[in-house]
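Shown next, in structure tokens, is the structure this report addresses.
Residue numbers count from 1 along this sequence. As a basis for the values below, the full set of heavy atoms in this structure was taken, side chains included, without hydrogen atoms, waters or symmetry mates.
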Amino acid sequence: MEVVIVKDAKAGGELIADGIAGLLRRKPDALLGVATGSTPLPIYDALTARVRAGSVDASRARIAQLDEYVGLPAGHPESYRSTVLRQVVEPLGLSADQFMGPDGSAEDVQAACEAYDKALAEAGGVDLQILGIGTDGHIGFNEPCSSLASRTRIKTLTEQTRVDNARFFDDIEQVPHHVITQGIGTILEARHLVLLATGEGKAEAVAQTVEGPVAALVPASALQLHPHATVVVDEAAASKLKLADYFRHTFANKPAWQGI
Ligand code: F6R
């Protein structure tokens, strides 16, 4: 696992956008897995700026959702489908047919989950998966004690996650209790995992993810099992890392051609 400590969220967004730009030069039709929430917005902004400046061609890129609320009506502005269309697909100038996600309004939720895992595999698998992290260590919506081998399935959100996400809704009662999320086993199949964490509130979860044992109690710690995982953190989110100086030293001395 590579840990990169950056000055702030904007610098994290720039670094990851550079990584995505490099991927799109090597593989123009790469499948990018995208998370929602506040953390990845600087990545999407930085990538959009590169596309608009003409330094990267994302016209053949494909986008895959990581998770989705269950029970929000289609087209609800806070569904993750709407969110990814608004924050990623449209700014990059892509069309809806370059975008895939699980069907959170399906009557047969289990079948929708299985169909999504199948669709991801048929699309050739995710090339680079962007991840955020919950204050409780979740990735996607794999809450604590999710199986490290789990596949895409329905999960119940913890109350902490509902409280954390209430800011996107008028009140907490509107935050769904259930989500469809790519499983940890599904996420680990992506070729490159890139987790961005910013702010003091993520420091404990980051320390446990990077320096703690691999444990279902901290779902993000499963990144330790992946051969190409990059954790990008700002100074505040890095504040509880014992090996922070080592991570800084390693990145400062990394050959530039390696990228992330
Ligand atoms: C949402 C997702 C979640 C978020 C996490 C952090 O698609 O994957 O794991 O990344 O809840 O959310 P923010 O970034 O809003 O703190």
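Under the 4.5 Å side-chain contact rule for hydrophobic residues, Leu32 and Val51 share a cluster.
Among pairs with a residue in residues 224-233, those fulfilling side chain to side chain donor-acceptor pair (under 3.5 Å) read His192-His228, His192-Thr230, at least two apart in sequence or across chains. For the side chain to side chain donor-acceptor pair (under 3.5 Å) condition, the pairs that include at least one residue of residues 31-42, sequence neighbours left out, are Ser38-Arg167. The stretch residues 3-15 participates, sequence neighbours left out, in these side chain to side chain donor-acceptor pair (under 3.5 Å) pairs: Lys10-Glu14, Glu14-Arg50.
The nearest pair of heavy atoms linking Leu31 to Gly125 is CD2-O, 3.4 Å. Summarising the geometry of Ile130 relative to Pro40, their closest heavy-atom pair is CG2-CB, 4.2 Å, with the distance given to 0.1 Å. Summarising the geometry of Leu24 relative to Ala58, their closest heavy-atom pair is CD1-CB, 3.9 Å, with the distance given to 0.1 Å. Contact detail for Leu148 and Ile184: the closest heavy-atom pair is O-CG2, 3.5 Å. A pairwise comparison of heavy atoms in Thr158 and Pro144 identifies CG2-CD, 4.4 Å as the closest pair. The shortest heavy-atom contact between Ala166 and Val175 is CA-CG2, 3.7 Å.
In the displayed structure, Tyr246 atom OH is contacted under 6.0 Å by at most 12 heavy atoms of other residues, nucleotides or ligands. Other residues, nucleotides and ligands place more than 12 heavy atoms under 6.0 Å from the CD atom of Gln258. Environment of NZ in Lys254: crowded, with over 12 heavy atoms of neighbouring residues, nucleotides or ligands closer than 6.0 Å.
Judged purely by atom type and a 3.5 angstrom limit, Glu68 has no side-chain atom pairing as donor or acceptor with the backbone of Asp103. Panel note: side chain Thr181, backbone Gly140; no donor-acceptor pair is recorded below 3.5 Å.
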Listing, residues 193-208 side-chain donor-acceptor contacts under 3.5 Å, not counting sequence neighbours, or none:
residue	atom	partner	partner atom	Å
Lys202	NZ	Ile133	O	2.9
Glu204	OE2	Gln208	NE2	2.9

Could you pull out every donor-acceptor pair under 3.5 Å between side chains of residues 83-90 and any protein atom, sequence neighbours left out?
residue	atom	partner	partner atom	Å
Thr83	OG1	Ser79	O	2.8
Arg86	NH1	Pro77	O	2.9
Arg86	NH2	Pro77	O	3.3

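Applying the side chain to side chain donor-acceptor pair (under 3.5 Å) test between Glu143 and each of Gln160, His138, Lys155 identifies His138 as the sole match.
Taking 4.5 Å as the limit, some side-chain heavy atom of Ile187 sits within range of a side-chain heavy atom of Leu66.
In summary, Lys118 and Glu114 do not engage in a salt bridge, as defined by a charged side-chain N under 4.0 Å from a carboxylate O.
To the nearest 0.5 Å, atom OG1 of residue Thr209 and atom CD of residue Glu211 are 10.5 Å apart.
Between Phe169 and Tyr69, the gap from one ring centroid to the other is short of 6.0 Å.
For Glu189 and Thr186, the side-chain atoms include no donor-acceptor pair closer than 3.5 Å.
Residues passing the side-chain hydrogen bond (donor to acceptor under 3.5 Å, both in side chains) test with Thr152 are Asp117, sequence neighbours excluded.
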